[in-house]
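Okay, structure first, notes after.
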Amino acid sequence: MTQFDVVDHPNPTPAERIAEVLQNPGFGTNFSDRTAVVDWTADAGWHNARIEPYGPISLDPAASVLHYAQEIFEGMKAYRHADGSIYTFRPEANAARMNKSARRLALPEMDQELFLASLEQLVAVDRDWVPSGEGEALYLRPFMFATEAFLGVRPAKEVSYRVIASPAGNYFGGELKPVRIWVSRDYSRAAPGGTGDAKTGGNYAASLAPQQQAIEKGCDQVLFLDPLHDNAIEELGGMNVFLVTNDGRLLTPQLTGTILEGVTRSSVIQLAQDRGLRVEERRITLEEWDRGVSDGTITEVFACGTAAVITPIGELVDGEKTIASTGTGEVTQAIREELLGIQTGTVEDRHGWLHKLA
Ligand SMILES: *Cc1c(COP(=O)(O)O)cnc(C)c1O
């Protein structure tokens, strides 16, 4: 396995301060002491794998990521199990997806081995930052960006890969509160042939104005529609969407190239099939959603992704019209509990999804 050089840390965070952070981790504001770094150049490929103290990055103002957004990222969680060991969930899927994103953004691919080594060796030295409370985790954020100082438009010949780690609290304090969703009619998230199925910062930049609109309308998040058929649903800005029917089916929009294939999405599909639900990946219109909720054939709607795992969707606001809430249903709750149980080691990992980090 690739050995990362561990650079000495001049002043690691004292144990009392870490304990204080882990008391109330929040999300994405506190970071562990170190970061994994690997450099890439067109000539040398991936090299100089190291674990450095966490800190500001020195970047040339002409670095192409700052101008042309040649950047991708991943997101996963490391959970502390009852015996103290630390596991992450299906990292091979994240490695494969990062390479898929890399191909789309003309960034270099990385061997799964190196990707996994970066996670394992960062978490090994920063293991004290993994919280142990219910539903809490160390959020891992691998990312890759173009560092070459060059204003011409072409794929950069110098790239940096990094992993940072941030303690994350239980997103909803244990209680499942349905979110209120705004249907974006003014903006699309992705277009056919675009970057919708790559995990790249630009998609998120494009989602901020619609997200702002949603907040103004008293909603929590945005639902994006199919850019070609504006009555079919796609996904939220960073989560996939599922509908549960009263006759044992689970519906989710099919992957058309404009939807990001979530690892949580794939896992939910598997767990639903395991419990005998029939999964349909297909076009789902807003009319079908509206009609189904009104006549009782659609009983639950939820969104899923690594950060919040599974979140029930309550009201859906489409301009002046509101599709009523389905509340938090049994299927949503059961799949969520099973998935979290597997991730945290309290439910048997029958699909071999866990990967030990430390
Ligand atoms: C990351 C992401 C998801 C969820 O993917 P997971 O692997 O389940 O975390 C869904 N949609 C978008 C646009 C994303 O970027």
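Just the heavy atoms: all of them, side chains too, but no hydrogens, waters or symmetry mates, feed the values below. Every number for a ligand or one of its atoms is a count from 1 in the order of the listing.
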Looking at ligand 1, does any of its N/O atoms fall within less than 3.5 Å of an N/O of [X]?
{"X": "G305", "result": "no"}
{"X": "N94", "result": "no"}
{"X": "R265", "result": "no"}

Starting from [atom], what is the nearest protein heavy atom, named by residue and atom, and what distance separates them?
{"atom": "atom 8 (O) of ligand 1", "result": "T264 OG1, 2.6 Å"}
{"atom": "atom 4 (C) of ligand 1", "result": "G238 O, 3.7 Å"}
{"atom": "atom 5 (O) of ligand 1", "result": "G262 CA, 3.3 Å"}
{"atom": "atom 2 (C) of ligand 1", "result": "K199 NZ, 2.6 Å"}
{"atom": "atom 9 (O) of ligand 1", "result": "T306 OG1, 2.6 Å"}
{"atom": "atom 15 (O) of ligand 1", "result": "Y204 OH, 2.5 Å"}

Please determine, by modelled atom types, if [X] and [Y] share a side-chain donor-acceptor pair under 3.5 angstrom.
{"X": "D33", "Y": "T13", "result": "yes"}
{"X": "T245", "Y": "D247", "result": "yes"}
{"X": "T332", "Y": "E300", "result": "yes"}
{"X": "S166", "Y": "R141", "result": "no"}
{"X": "D186", "Y": "Q213", "result": "yes"}
{"X": "Y161", "Y": "S118", "result": "yes"}

Show your reasoning for whether side-chain contact (heavy atoms from CB on, under 4.5 Å) applies to E120 and H355. CA-CA 10 Å; E120 285 168 14; H355 180 96; 2.6 Å; yes
Do any heavy atoms of G237 fall under 4.0 Å from ligand 1?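 Per 4.0 Å heavy-atom rule, G237 contacts ligand 1.
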What do you reckon, does G75 put a non-hydrogen atom under 4.0 Å from ligand 1?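 Distance cut 4.0 Å: G75 fails for ligand 1.
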Do N30 and R17 have side-chain heavy atoms sitting under 4.5 Å apart?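 Yes; the side chains approach each other to less than 4.5 Å.
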Report yes if some heavy atom in the side chain of W46 is under 4.5 Å from a heavy atom in the side chain of V159; otherwise report no.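 Yes, their side chains come closer than 4.5 Å.
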As an exercise, identify every atom of ligand 1 less than 4.0 angstrom from a heavy atom of [X].
{"X": "M239", "value": "10 (C), 11 (N)"}
{"X": "R97", "value": "5 (O), 6 (P), 7 (O)"}
{"X": "R189", "value": "13 (C)"}
{"X": "N240", "value": "10 (C)"}

